[in-house]
Structures are given as structure tokens and as C-alpha cells.
Visitor: 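Once you've had a glance at the structure underneath, I'll fire off some questions.
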Amino acid sequence: MTPYARRGVHGQTVETLARRVLSGEIPEGSTLDLVALQSELDVSLTALRESLKVLAAKGMVDARQKRGTFVRARSDWNLLDADVLRWQFAEGSGSGSGVDSGLLRNLSEVRGIIEPAAVRLAAQRRTNADLAELEAALTAMGERDGTAAHAVEADLAFHRALLAASHNELLERMEMVIESGLAHRDQIVHSSPHGEDPVPSHRAVLDAVRAGDQDAAEHAMRGLLDQAVRDLDKVHGSPHTKGPQAQ
């Protein structure tokens, strides 16, 4: 169950409306018929308006006098919002349109810029507590009796701890963007028998961070990204030609 769907009628309404907008079922520029939506979704007008406020905060819809509530242009959407990213991945996976692969490529290119730089700072600034968090995540990653969900969470914890070890508040906030793509990629790779063992590449990053070697840490991170490309290639059966896929 998705995060908003856990929040009852309000959350389910947010999820439904968001996915309709993202799929194009409710196209950009169109004005919403609130009375019809209220009847179709079987919710109160108050619940519907509260749900639309959530989408408005994410730049997806707006309301104007004489025009009503309408879908804004995609260029206005907050594409870095964690929910918007998650909804796009869910829509791409469900439709078979390949939207998720394009998003993965875009996100991995962003990560290819962020994580090698972040890991250099981590090698310089990491504390004993940071190293303990990274070690714990790596240990969890190596547990072979874990489920795919366990492997996904261990990988997320490792990369989350790396960003935290940079001790840069803005970089730490990038976890909301990075985790959306990483979780989706991990679900694909860790559910397949074709991926390489992720522990050695992550261990190389941790060892370099522990040693305080910035160059080695960056090199190890880029090697990890290269492995992630190979993993997805094996799952999809064809090589990716653009950008690294982050692991």
C-alpha cells in the first residue's frame, strides 16, 4: 500500500487524482469538474478539496476565479518531490510505457553528479557514528536469507548514511530525490537472479571513506554506479546507452 493510501479516504483520493494527472487521463490545462469527481470517487466535497490542496502544493493543479481548478503544465510540477517521483514510477510500471526507465536514467544522471561529490565530503568529515551506520547497512545488505524488500531497505540505508556522512544539510535533503529512483531500481534488480553481489562494491566505498581517502572514495563510488548499469542491463536484456544507473 502506498503512503498516501494509508491515510484513509483523503489519501486514496490524493493517489487517484495524482495518477490520473500523471497518466494524462486528466490532461494539462484541463479544468476539473469537482461535482462529477465528487460523485465518481464517492467522497465529500471537503475531502476532494483537501486532496486537491495536496496536489496544488506540488505544483500539479491550481485554482482561479472564473476558471476553477485546473491542471497546470508539467513544467510547473515539482518533479523533485518524493511523492511526484513515486507516482511517476508507479504509473510507468503499470502502463508499460517505459516512463520509469526514462526517469531512472534522469535520476541516475543526477546521482552520478551528487554521490561521487558527496562521498568525497564523507571521506573528509565522517564520524565514528557515521561509520557505524554504514557498517550496519552493509552487514544487512550481506544477509543472504533476506527478502528483496530487505535488500532494498539495506541499500537505501547505506546511501542515506553516505549522504548524512557528508555533514552538508542540503546534500542530506537530496535523499528524498535519490531514494525514489534507488528504491524502484532495487525492486527490479533484487527481484532478479541476474544481479551481481552488491556487497563488494559498497565495501570498497566504505573502506575508502573509513580511510579518509577522497580520491579512492570517489573512484569506488563510480565503480558502484558502473556495476549498477550492468545489473540493469542483465535484467532488461539490453545495454543502456545513456547515463549511469545508481545502485
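Note that the coordinates shown come from a computational prediction; the quantities given were computed from them, not determined experimentally. Heads up: numbering here begins at 1 and tracks the sequence.
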Visitor: Step through the shown structure and confirm whether more than 12 heavy atoms of other residues, nucleotides or ligands are within 6.0 Å of NE2 on His219.
Guide: no
Visitor: Decide yes or no for His167 and Leu121: does some side-chain heavy atom of the first lie under 4.5 Å from some side-chain heavy atom of the second?
Guide: no
Visitor: Can you measure from CD1 (Ile114) to CE (Met221) and round to the nearest 0.5 angstrom?
Guide: 11.5 Å
Visitor: So how far is it from Glu115 CD to Leu163 CG, rounded to the nearest 0.5 Å?
Guide: 6.0 Å
Visitor: Taking the side chain as every heavy atom from C-beta outward, state whether Arg64 and Thr69 have any pair of such atoms under 4.5 Å apart.
Guide: no
Visitor: For the CZ atom of Arg126 and the CD atom of Glu133, what is their distance to the nearest 0.5 Å?
Guide: 15.0 Å
Visitor: Using only atom types and a distance under 3.5 Å, with no angle test, would you say the side chain of Gln227 pairs donor to acceptor with the backbone of Asp197?
Guide: yes
Visitor: A side-chain contact here means heavy atoms from C-beta on lying under 4.5 Å apart; do Arg125 and Asp130 qualify?
Guide: no
Visitor: Would you list the atom pairs, donor with acceptor, under 3.5 Å between side chains in residues 168-176 and any protein atom, with sequence neighbours excluded?
Guide:
from: Asn168; atom 1: OD1; to: Leu170; atom 2: N; distance (Å): 3.0
from: Asn168; atom 1: OD1; to: Leu171; atom 2: N; distance (Å): 3.0

Visitor: So, Ser39 side chain and Ala36 main chain: donor-acceptor pair closer than 3.5 Å or not?
Guide: no
Visitor: Taking Phe158 as the fixed residue, which of Met141, Glu135, Glu153 is the one that meets the side-chain contact (heavy atoms from CB on, under 4.5 Å) rule?
Guide: Met141
Visitor: Are Glu179 and Arg86 close enough for a salt bridge, meaning some N to O gap below 4.0 Å?
Guide: no
Visitor: Before you tell me yes or no, could you show the steps for Arg49 and Leu45 under side chain to side chain contact (heavy atoms under 4.5 Å, CB included), namely the whole-Å CA-CA distance, both residues' side-chain angles and the distance that decides it to 0.1 Å?
Guide: CA-CA 6 Å; Arg49 290 189 185 280; Leu45 187 58; 3.7 Å; yes
Visitor: Let me check something: do Leu34 and Phe70 share a hydrophobic cluster, defined by ILVMFWY side-chain heavy atoms less than 4.5 Å apart, either directly or through other members?
Guide: no
Visitor: Measure across Leu48 and Leu37 and return the closest heavy-atom pair with its distance rounded to 0.1 Å.
Guide: CD2-CB, 4.0 Å
Visitor: Taking all non-hydrogen atoms of both residues, which atom of Arg67 and which atom of Gly29 are closest, and how far apart?
Guide: NH2-O, 3.1 Å
Visitor: Report the C-alpha distance between Leu22 and Met60 in whole Å, list the side-chain angles of each, state the deciding distance to 0.1 Å, and finish with yes or no for side chain to side chain contact (heavy atoms under 4.5 Å, CB included).
Guide: CA-CA 9 Å; Leu22 287 162; Met60 297 176 69; 4.1 Å; yes
Visitor: Looking at Val43 and Ala47, what are the two nearest heavy atoms and their distance?
Guide: CB-CB, 4.3 Å
Visitor: Between atom OG of Ser166 and atom CD of Gln124, what is the distance when rounded to the nearest 0.5 Å?
Guide: 11.0 Å
Visitor: So how far is it from Leu225 CG to Glu109 CD, rounded to the nearest 0.5 Å?
Guide: 12.0 Å
Visitor: For atom CZ of Arg210, is the number of surrounding heavy atoms from other residues, nucleotides or ligands below 6.0 Å larger than 12?
Guide: yes
Visitor: Within the side chain of Glu218, is there an N or O that forms a donor-acceptor pair under 3.5 Å with the backbone of Arg120?
Guide: no
Visitor: How about His159 and Asp155: does a side-chain donor come under 3.5 Å of a side-chain acceptor?
Guide: yes
Visitor: Looking at CG of Leu55 and CG of Asn78, how far apart are the two atoms once the value is rounded to the nearest 0.5 Å?
Guide: 12.0 Å
Visitor: Are any of the side-chain heavy atoms of Gln88 and Trp77 separated by less than 4.5 Å?
Guide: no
Visitor: Residues two or more places apart in sequence or in another chain: which of them pass salt bridge (charged side-chain N to carboxylate O under 4.0 Å, His left out) with Asp33?
Guide: none
Visitor: At their closest point, which heavy atom of Arg72 faces which heavy atom of Val61, and how far apart are they?
Guide: CD-O, 3.6 Å
Visitor: Tell me, with the steps shown, if Leu41 and Leu17 meet side chain to side chain contact (heavy atoms under 4.5 Å, CB included).
Guide: CA-CA 10 Å; Leu41 301 177; Leu17 292 173; 4.2 Å; yes
Visitor: Nearest heavy-atom pair of Pro27 and Val71: which atoms, and what distance?
Guide: O-CB, 3.5 Å
Visitor: If you look at every heavy atom in Asp83 and Lys58, which pair is closest and at what distance?
Guide: OD2-NZ, 3.0 Å
